[in-house]
Structures are given as C-alpha cells and as structure tokens.
Amino acid sequence: MGKDKIRIDLVYKLLKQVPKGRVTTYKALARAAGHPAAARAVGGIMRRNPYAPAVPCHRVVYSDGRLGGFGGSRGVEAKAELLEKEGVKVKDGRLVDFANRYFDAFSVHIAEKSRLP
DNA sequence: TTAATGACAATCG
DNA sequence: CCGATTGCCATTA
C-alpha cells in the first residue's frame, strides 16, 4: 500500500491556512497532516521550504510558545520581526500572547482538494 | 543500505 | 524555572 510518510505538499497547504496575525506549531501541522509525531520532520520541511515566501513558514513556532528556528541564529531575529509586523508580539524570543494567537482550525478536507505546483 | 543531522516535543533532575 | 536527556520522523551523505 501507499507509504505512511507525511505529505509535504499537504503541510504547505495547511500552513497557508494560517491567517495573518496568527501562528501555529510544528506539532499542530504534523497532527493536521495525519502524523502527530512528525513535528520534527515538519521542521525539516520548513527548513527546505521551496515555496517561500508564498508559504508563511514564519508563522510556525514551538509548542512551548517560543519562536523556534528560522534559517540560522540570525534568522530568528527576522522571524520575530515578521511576526511583530503582523501584530504578533514577541518578547525575548517568545510569543507574548501565544494562547490567543494560536491557530489550530485546519481544514484538511479543503487542503486535499488543491495541489501545490 | 546504514549512519548522521535537524526550523520539534515531552520528560526528568 | 531552567538545563539535560530521550524519543520521533524525514532528509541527506
């Protein structure tokens, strides 16, 4: 049968569903994609992200409320800058109102309908 | 094919 | 609260 591997294109689609000013987590994306334990793999997917900046990978943070990574150690700064620009306040590498900014209402059904180029 | 790596997460001390 | 450890999954060499 088909492999149980996570769907990269699906992950990107789900991430595109995250509205501006909101954030999600690697874990939430992995879970929405049908692989709840593949949070780390999602991180790897973001790292390679060939669809940037079309895909808002800067809206993906740690489940802990911390920013996480973004390219190099210098990239985290840019990530915080982008989030602040969208209205998401960041303090000391950590989201201030993480619980309220957290987005988890993914529509996998809709995401599966269209495919990424 | 096996070993090593990394933009994660949960647990432990 | 913070640092260290272990587990997980997919990619890369």
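Every chain is numbered from 1 and lettered A, B, ... according to where its sequence line falls, protein lines coming before strand lines. All values below were derived from every heavy atom in this structure, side-chain atoms included, with hydrogens, water molecules and symmetry-related copies excluded.
For A/His35 (side chain) and A/Arg7 (main-chain N/O), no donor-acceptor pair under 3.5 Å exists by modelled atom type. Of the possible donor and acceptor atoms, one in the side chain of A/Lys27 sits under 3.5 Å from a partner among the backbone N and O of A/Pro36. For A/Lys13 (side chain) and A/Ile110 (main-chain N/O), no donor-acceptor pair under 3.5 Å exists by modelled atom type.
Counting non-hydrogen atoms under 4.0 angstrom, A/Ile6 reaches the backbone sugars and phosphates but no base.
We find that CG of A/Leu10 is positioned 13 Å from P of C/dA10, with the value rounded to whole Å. Taking atom CG of A/Asp9 as the reference point, atom C1' of C/dA10 lies 15 Å away to the nearest angstrom.
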Using residues 93-104 of chain A as the side-chain source, report each donor-acceptor pair under 3.5 Å to any protein atom, sequence neighbours left out, with the distance given to one decimal.
from, atom 1, to, atom 2, distance (Å)
A/Asp97, OD2, A/Asn100, ND2, 3.2
A/Arg101, NH1, A/Gly21, O, 3.3
A/Arg101, NH2, A/Gly87, O, 3.1

In 5'-to-3' order, the base (B), backbone-only (S) or no-contact (-) status of each nucleotide in nucleotides 6-13 of chain B, using a 4.0 angstrom heavy-atom cut-off, is BBBS----

Between A/Lys20 and A/Arg59, is the side-chain contact (heavy atoms from CB on, under 4.5 Å) condition met? List the steps. CA-CA 8 Å; A/Lys20 188 177 171 192; A/Arg59 292 180 191 148; 3.6 Å; yes

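Considering only side-chain N and O atoms, A/His35 lies under 4.0 angstrom from the phosphate OP1 or OP2 of C/dA10.
A/Tyr62 is linked by a ring-ring contact (aromatic ring centres under 6.0 Å, His included) to nothing, counting only residues two or more places apart in sequence or in another chain.
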